[in-house]
J.: 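Sharing a structure below in structure tokens format, with a few things to ask.
Here is the naming used below: chain letters follow the sequence lines, and residue numbers restart at 1 for every chain.
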Amino acid sequence: MVAAEVSRLLRQDRGQLLAALIRAVGDFDLAEEALSDAVEAAWVHWARSGVPRSPKGWLLQVGRRRAIDRLRRGQRFRARVPELTIMLEEDEAARADDAADIPDERLKLIFTCCHPALDRKSQVALTLRTVAGLSTREIARAFLDTDTAMGQRLSRAKTKIGAAGIPYAVPDRTEWHPRLQSVLTVIYLIFNEGWTAGAGDAPIRDTLCCEAIFLARLLGQLASEEPEIEALLALMLLSWGRRSARHRPGAGLVGLDEQDRRLWNRDVLEEGLSVLDAAVARGAPGPFQCQAAIQALHVQADGPEATDWQQIVLLYDRLLRFQPTDVVRLNRAVALAETGALALASAEIKSLAVALEDYQPYHAARAEVFRQIGDAKGVALALERAIELSQSEDERRWLEARRRALF
Amino acid sequence: MRYLALIYSADGTAPEYGSPEWGAFMGAYAAAGKTFHERGVFVAGEALQHTSTATSVRVRDGKTETMDGPFAETKERLGGFYLLDCKDLDEAIEMAALIPSAAIGTVEVRPILELGE
């Protein structure tokens with residue numbers, strides 16, 4: 001009973017408790033240590049006297065006190081003890097410890113973890129550790145790192161936040177949009193890391209996808225009326241809803257055009273579509289909105305042949321204005337081929353040959369266009385190169401299945 | 001917090017001395033300096049002579065050794081610095097971005113190690 005309550009609280013509220021403690025003590029490490037202390041104390045006290053009326057408030061209060069204890073005992077903060085103690089006492093006096101009164105500081109936490117002065121991988125790791133509450137070991141596994149290397153990465157990032165004076169704050173108006181894009185990019189990276197991981201890593205893969213969706217929902221609650229947050233959530237839901245159809249046992253990945261659409265989770269997809277509608281209604285398109293709209297067209301079609309490829313090409317044109325990258329150009333060319341404009345698509349793809357020479361999806365896309373043109377030799381060569389470049393077992397199996405189907 | 005903004009750029013990237021572009025470039029430096037003063041962040045700032053005038057000094061076994069040239073031969077060279085007292089890293093980055101050389105080279109922002117903290 002107590003174990004279940006502590007686990008539930010930690011899973012659900014760790015981010016919020018940590019965010020509130022960081023605000024109170026002004027230091028990531030100290031806040032994390034104090035929260036661990038409070039959790040340890042909860043195991044003992046709650047087992048003896050039952051779960052308190054406001055468990056979150058209890059943890060926060062004990063966390064603050066333990067932070068003061070640690071300050072007084074430790075060497076690290078000696079010079080700042082008087083200042084920090086006053087801060088903590090004021091923080092405690094300022095509010096009754098009712099759960100409803102704990103201000104949600106997680107938006108600050110998210111923006112601090114995704115601060116552009118940290119490298120991208122550290123932003124991702126720190127967000128998963130502090131906001132989503134994954135363990136260092138889980139994050140290490142997800143990114144194929146050793147526990148030690150991931151621990152050091154997290155520790156370096158936290159040290160830099162303190163030492164370099166990265167503010168624990170939500171950016172102001174002028175910086176809001178670029179900083180929000182950075183946060184959204186981190187969340188989408190987390191999702192994609194889960195989405196593209198091999199089948200053997202199923203549990204951690206699903207964890208990452210779910211955490212990314214959780215983070216986007218949380219961000220949407222904390223900063224409402226931001227169409228790009230809604231669009232990112234929609235984009236992820238519109239992929240996530242097709243998860244069960246994406247793997248066939250023993251056959252690896254299944255392409256969108258071959259998926260059994262009866263396996264799609266319609267509830268998740270419907271939610272994705274309605275979240276996207278809300279974003280579109282705000283009349284401020286952005287890169288995530290374009291990508292979500294493309295996924296929506298795939299999901300809404302009755303089958304691969306019924307997909308509105310003309311509209312998808314237009315959406316890629318729009319996306320190119322936000323993200324003029326070779327990968328977007330490639331995806332646009334693939335959609336163009338589907339509309340029947342094979343000569344144009346083929347020329348586009350050729351023009352990307354140098355830039356995307358070592359990119360597996362480039363060769364898979366080439367193979368597809370060659371197939372439509374009827375160039376069997378081209379298909380064979382392109383698929384061979386794609387198989388050479390494939391990064392995971394699933395990808396390789398999928399490409400080999402394509403090759404078998406054609407020859 | 002105090003930050004040192006170290007200004008690096010490669011030879012030949014700044015406008016030619018005496019050209020109209022040079023005048024604009026120096027004007028932008030003057031404007032940045034004015035902003036630093038107005039914002040109350042300016043502590044110090046100087047431009048350095050070319051790295052060809054540098055002498056590197058080391059003491060080994062109690063003996064002073066000197067070497068002609070900078071510590072590291074790199075394409076981008078340290079050409080000057082500002083010492084700025086800012087609220088946090090965000091303000092330091094905002095100020096560093098005003099330094100005209102940031103548009104042609106790189107400004108490294110390093111927090112000062114404050115003893116006693």
Side-chain angles (χ1 to χ4, degrees), chain A residues 22-23 25-30 70-71 74-87 105 107-120 122-123 126 156-183, chain B residues 1-9 28-29 31-45 72 74-76 78-117:
Chain A
I22 293 171
R23 202 205 67 87
V25 307
D27 184 275
F28 268 67
D29 273 332
L30 181 60
R70 278 185 177 268
L71 279 173
Q75 289 293 326
R76 198 154 36 111
F77 299 98
R78 181 146 290 174
R80 291 171 64 207
V81 165
E83 164 211 351
L84 288 171
T85 308
I86 292 168
M87 270 175 66
E105 305 277 353
L107 194 56
K108 287 181 189 167
L109 187 58
I110 293 172
F111 274 103
T112 304
C113 291
C114 299
H115 196 281
L118 301 170
D119 75 61
R120 189 65 87 192
S122 298
Q123 295 173 354
L126 204 55
R156 264 200 311 274
K158 283 183 281 187
T159 304
K160 181 166 182 187
I161 289 172
I166 292 178
Y168 190 54
V170 174
D172 60 26
R173 275 281 123 222
T174 53
E175 283 300 304
W176 173 261
H177 280 286
R179 292 284 306 278
L180 179 63
Q181 277 301 328
S182 171
V183 171
Chain B
M1 277 183 75
R2 292 186 304 159
Y3 296 87
L4 192 63
L6 298 146
I7 303 163
Y8 291 90
S9 60
Y29 259 101
K34 191 160 166 272
T35 305
F36 296 163
H37 279 100
E38 283 167 3
R39 290 276 290 257
V41 299
F42 184 88
V43 180
T74 49
K75 203 163 130 284
E76 296 211 311
L78 181 64
F81 68 89
Y82 284 101
L83 182 60
L84 303 171
D85 195 351
C86 297
K87 182 163 70 68
D88 54 30
L89 184 62
D90 280 356
E91 189 177 35
I93 291 171
E94 189 192 341
M95 295 300 112
L98 296 176
I99 300 171
S101 295
I104 54 168
T106 306
V107 177
E108 179 179 326
V109 174
R110 291 271 293 273
I112 299 294
L113 177 65
E114 305 284 4
L115 294 172
E117 267 204 5

J.: Give a yes or no on this: more than 12 heavy atoms of other residues, nucleotides or ligands lie within 6.0 Å of atom CZ of B:Arg110.
T.: no
J.: Closest heavy-atom contact between B:Leu89 and A:Ala117?
T.: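 Where B:Leu89 meets A:Ala117 most closely, the heavy atoms are CD2-CB, 3.5 Å.
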J.: Quick check on B:Ile93 against chain A: is it the side chain, the backbone, both or neither that has a heavy atom closer than 4.5 Å?
T.: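 Side chain only.
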J.: Check whether any side-chain heavy atom of B:Glu94 sits under 4.5 Å from a side-chain heavy atom of A:Thr174, and report yes or no.
T.: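 Side chain of B:Glu94 against side chain of A:Thr174, heavy atoms only: no contact under 4.5 Å found.
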J.: What part of A:Ala163 gets closer than 4.5 Å to chain B, counting heavy atoms only: side chain, backbone, both or neither?
T.: backbone
